[in-house]
Amino acid sequence: MSSRMFKFGVTAASACVGSVIASWTIDRWNSPHVVNNAMQRPPKRKRTLPMRSEQIKSLMSGEEFDVLIIGGGATGAGCALDSITRGLKTALVELDDFASGTSSRSTKLIHGGVRYLQKAILGLDLEQYRMVKEALAERATMLESAPHLTHPLPIMLPVYTWWQVPYFWVGIKAYDLVAGDRNVKSSYLLSKKDALELFPMLKKDKLCGAIVYYDGQQDDARMCLAVALTAARHGATVCNHVEVKELLKKDDGTGKKVLCGAKVKDHISGKEFTVKAKCIINATGPFTDSIRKMDDPTVKSICCPSSGVHIVLPGYYSPDQMGLLDPSTSDGRVIFFLPWQRQTIAGTTDLPCEITHSPTPTEDEIQFILSEIKNYLNADVEVRRGDVLSAWSGIRPLVSDPNKDDTQSLARNHIVHVSPSNLITIAGGKWTTYRAMAEHTMDAAIKACNLKPERAEAVTSYLKIEGGQGWTPTMYIRLVQDFGLECEVAQHLAKSYGDRAFAVSKMASLTGKRWPIIGNRIHPEFPYIDAEIRYGVREYACTAVDMIARRLRLAFLNVQAASEALPVVVDIMGEELQWSKEEKERQLKHATEFLANEMGHTINRQSKERIPIKLSKEEIQTYVKRFQLIDKDKKGYVSINDIRRGLKSFGDGDVSGEQLHDILKEIDTNMNGQVELDEYLQMMSAIKTGDVAYSRFARMAELEEQKHDAANLKQKISVDRSGGGL
């Protein structure tokens with residue numbers, strides 16, 4: 001035992017001392033990855049945001065851009081902002097929507113990587129150490145540049161073996177030390193009692209204590225959008241739903257073929273045209289190789305895609321302001337368990353996958369996350385499959401470095417590669433370092449393509465992102481007092497839009513109530529209001545999916561709620577974009593398919609179908625009776641008219657047709673527009689086992705039985721036996 005303790009003590013002390021020495025030594029070197037924060041006067045931004053039609057017109061103008069960026073994720077948007085603020089004429093095109101790929105499907109963390117630092121110190125890996133240090137510096141920059149969309153988040157690391165307490169404590173302190181003066185907040189040690197007080201859901205058996213450290217959290221899709229909008233306000237031409245069909249080349253005068261533009265197609269209007277550019281940047285994440293092969297069909301693929309699945313659970317699974325880290329799962333991965341927008345997000349998995357525009361979560365991955373969560377929560381928290389509100393998969397674009405001879409090993413950090421025709425490819429990396437990645441990319445682009453920027457160095461390290469300039473933590477109070485918004489809605493608007501929340505509020509409709517005065521919610525359980533849909537169109541939302549997934553985060557928070565709000569979203573967008581009836585139907589169908597396949601709606605339904613009926617004889621008799629009471633016409637099934645009649649009898653006569661269909665869809669697993677007895681029994685069995693959390697249809701059936709029993713009791717008791725009355 002003493003030998004083991006000695007080894008752990010030596011390891012812990014060595015890690016701490018090593019991190020301090022390495023930090024001091026490396027900081028003295030002139031590393032190419034150190035961000036230059038030399039203060040310069042930031043360029044002024046435009047007062048108004050150009051409409052999408054104006055952006056397309058600029059793209060079609062025939063003028064030559066200095067830089068054309070392909071890809072509207074975090075890295076592409078970051079490149080656009082870096083480029084335009086250096087004074088270069090900049091354009092960006094994105095096949096789908098801003099952040100439609102990996103950038104909206106992250107863990108929502110802004111972090112340096114605790115486990116990467118552990119590997120760097122114990123493995124004496126200088127490259128990995130630099131990566132962590134850069135990420136920690138960028139973490140602080142993100143928190144400063146977009147204070148409305150980001151915030152520090154304490155994360156608890158529970159310890160269940162006593163000798164691991166000093167080991168993990170030293171490791172987390174090393175994380176603080178490497179961050180230096182860019183640290184968010186200092187980590188601290190908790191006793192078992194204090195840990196359970198801060199995280200009551202935690203399993204207390206054998207708990208020795210916990211360590212709390214700080215990272216950042218963000219709304220990833222809106223952060224990416226805000227970066228793109230900031231670039232647009234500074235004069236960049238940014239266009240979503242524009243696909244690159246072909247790269248164009250010309251002779252540079254020395255016999256060398258270099259890129260000079262691209263043929264593109266606007267999928268909204270269907271128009272195809274040519275965009276001229278001196279430099280083209282490939283920032284397409286998992287689709288990096290498709291653009292590289294468009295430039296040169298003979299190049300080898302460098303992207304090795306990996307799927308990361310996340311699930312969303314109800315907010316009661318975690319405290320409002322405390323996350324949880326499982327440092328070692330059953331198969332060696334790391335699982336985060338974090339509060340996010342009043343819900344709880346859990347993930348991620350890490351499995352090889354195929355590159356696709358529509359990644360889908362699998363039941364095995366969802367069950368893996370649920371099983372790992374169970375290991376850390378106490379017996380009062382029953383982890384149920386039915387509590388999964390949504391699930392999604394994001395493709396992590398791991399890459400091998402084409403700049404090195406050994407292209408088989410994966411790059412730990414991002415890589416910037418310049419092809420013989422001057423295609424600048426930026427690949428790999430992580431969300432947190434998007435700004436530094438963009439800076440390194442633009443430095444390479446300026447050198448390779450001989451560009452002439454007004455500013456030689458990046459200015460983005462001290463630039464406020466869209467909405468961040470006038471934001472304050474108490475700004476929401478002005479929204480409540482000046483506009484008459486609900487407090488919850490005002491807080492949501494302030495956090496999502498920053499100082500642009502006032503512009504959103506001005507578009508809100510009257511409620512017709514004494515309070516709130518304005519702001520009609522599109523779903524009763526969430527603070528999203530009608531004005532956000534109208535404003536979202538001005539933020540370049542072109543489809544219903546753009547709106548429910550990335551302008552509003554409803555699809556990620558609760559797929560069922562998103563489905564219920566969809567008709568309202570389509571109607572308001574139809575007004576703003578002048579959609580025909582046919583276009584509305586097409587948008588509704590496409591968005592429904594998106595929710596079903598990519599947000600876990602279908603897999604949630606299928607999980608119910610696979611559940612065997614585990615009910616006692618008495619329970620089955622009870623549920624058959626309830627079913628027959630609703631099926632008053634003895635048809636053998638329950639129709640939507642039966643549901644409407646049942647709700648009216650309980651005073652819910654104002655239920656809309658869309659709500660009726662939503663109730664039907666909860667239980668109609670074979671999707672034939674009616675509820676059969678076996679579907680109802682399967683639902684009740686799923687509720688009993690915890691695979692389904694709640695069903696409005698089941699509640700209606702229960703109330704129907706209570707009403708029927710009360711009526712029978714009243715008939716049985718005569719006036720004489722009841723005492724004769726008055």
Side-chain angles (χ1 to χ4, degrees), residues 33 70-71 73-76 78-79 99-120 123 125-132 134-135 138 220 224 281-293 299-310 329 331-336 347-362 365 368 392-417 419 423-434 436-438 440-441 444:
H33 292 286
I70 307 171
T75 308
C79 287
S100 59
T102 308
S103 296
S104 63
R105 304 172 192 235
S106 72
T107 312
K108 324 302 178 196
L109 278 179
I110 310 168
H111 65 128
V114 174
R115 59 176 176 160
Y116 297 134
L117 180 61
Q118 179 191 25
K119 292 177 182 178
D125 190 328
L126 187 60
E127 182 186 354
Q128 196 148 216
Y129 174 87
R130 284 176 173 164
M131 180 184 75
V132 175
E134 178 185 65
E138 290 301 314
D220 52 2
C224 179
I281 293 175
N282 173 18
T284 52
F287 305 97
T288 293
D289 287 324
S290 63
I291 301 299
R292 293 178 73 241
K293 291 183 179 182
V299 296
K300 293 181 179 179
S301 297
I302 61 170
C303 188
C304 303
S306 172
S307 167
V309 169
H310 294 82
T329 61
D331 64 351
R333 306 179 204 173
V334 170
I335 289 282
F336 284 100
T348 178
T349 60
D350 187 9
L351 293 171
C353 67
E354 296 296 323
I355 297 174
T356 172
H357 287 282
S358 305
T360 58
T362 66
E365 289 171 306
F368 167 78
W392 69 86
S393 173
I395 300 177
R396 186 183 178 202
L398 303 173
V399 292
S400 56
D401 192 345
N403 298 308
K404 296 181 179 179
D405 294 333
D406 177 19
T407 58
Q408 297 302 312
S409 57
L410 296 178
R412 295 189 181 95
N413 208 342
H414 60 270
I415 60 100
V416 179
H417 178 255
S419 76
L423 174 67
I424 316 296
T425 294
I426 170 67
K430 58 198 295 185
W431 226 121
T432 305
T433 57
Y434 86 93
M437 290 165 64
H440 304 155
T441 305

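As the structure is a computational prediction, the values presented were derived from the model and not from experiment.
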Item checked: Working for side-chain contact (heavy atoms from CB on, under 4.5 Å), residues Ser106 and His310 -> CA-CA 8 Å; Ser106 72; His310 294 82; 5.8 Å; no

Shortest non-hydrogen contact between [X] and [Y], atoms and distance:
| X | Y | result |
| --- | --- | --- |
| Ala436 | Glu134 | CB-OE2, 3.7 Å |
| Ala74 | Ser103 | N-OG, 2.9 Å |
| Cys353 | Pro305 | O-CG, 3.1 Å |
| Val399 | Ala427 | CG1-CB, 3.7 Å |
| Ile70 | Thr284 | O-CG2, 3.4 Å |

With no hydrogens and no angle check, is any side-chain donor or acceptor of [X] less than 3.5 Å from a backbone partner on [Y]?
| X | Y | result |
| --- | --- | --- |
| Thr433 | Ala135 | no |
| Thr75 | Ala283 | no |
| Ser301 | Cys303 | no |
| Trp431 | Lys108 | no |
| Ser307 | Ile395 | no |

By ring-ring contact (aromatic ring centres under 6.0 Å, His included) - contacts of His111 (at least two apart):
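Not a single residue meets the ring-ring contact (aromatic ring centres under 6.0 Å, His included) criterion with His111.
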
Would you give the length of the straight line joining atom [atom1] of [X] to atom [atom2] of [Y], rounded to the nearest 0.5 angstrom?
| X | Y | atom1 | atom2 | value |
| --- | --- | --- | --- | --- |
| Glu365 | Thr348 | CD | OG1 | 8.0 Å |
| Arg130 | Asp125 | CZ | CG | 10.5 Å |
| His414 | Met131 | NE2 | CE | 11.0 Å |
| Asn282 | Ile291 | CG | CD1 | 5.5 Å |

For residues [X] and [Y], determine if any side-chain heavy atom of one lies less than 4.5 Å from a side-chain heavy atom of the other.
| X | Y | result |
| --- | --- | --- |
| Thr360 | Ser393 | no |
| His417 | Ile302 | no |
| Thr362 | Val309 | no |

**Q.** With Asp289 via salt bridge (charged side-chain N to carboxylate O under 4.0 Å, His left out) - residues at least two apart
**A.**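 Asp289 satisfies salt bridge (charged side-chain N to carboxylate O under 4.0 Å, His left out) with Arg292 only.
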
Could you walk me through whether His357 and Phe287 satisfy the side-chain contact (heavy atoms from CB on, under 4.5 Å) test, starting with their C-alpha distance in whole Å, then the side-chain angles of each, then the deciding distance to 0.1 Å, before giving a yes or no? CA-CA 9 Å; His357 287 282; Phe287 305 97; 3.4 Å; yes

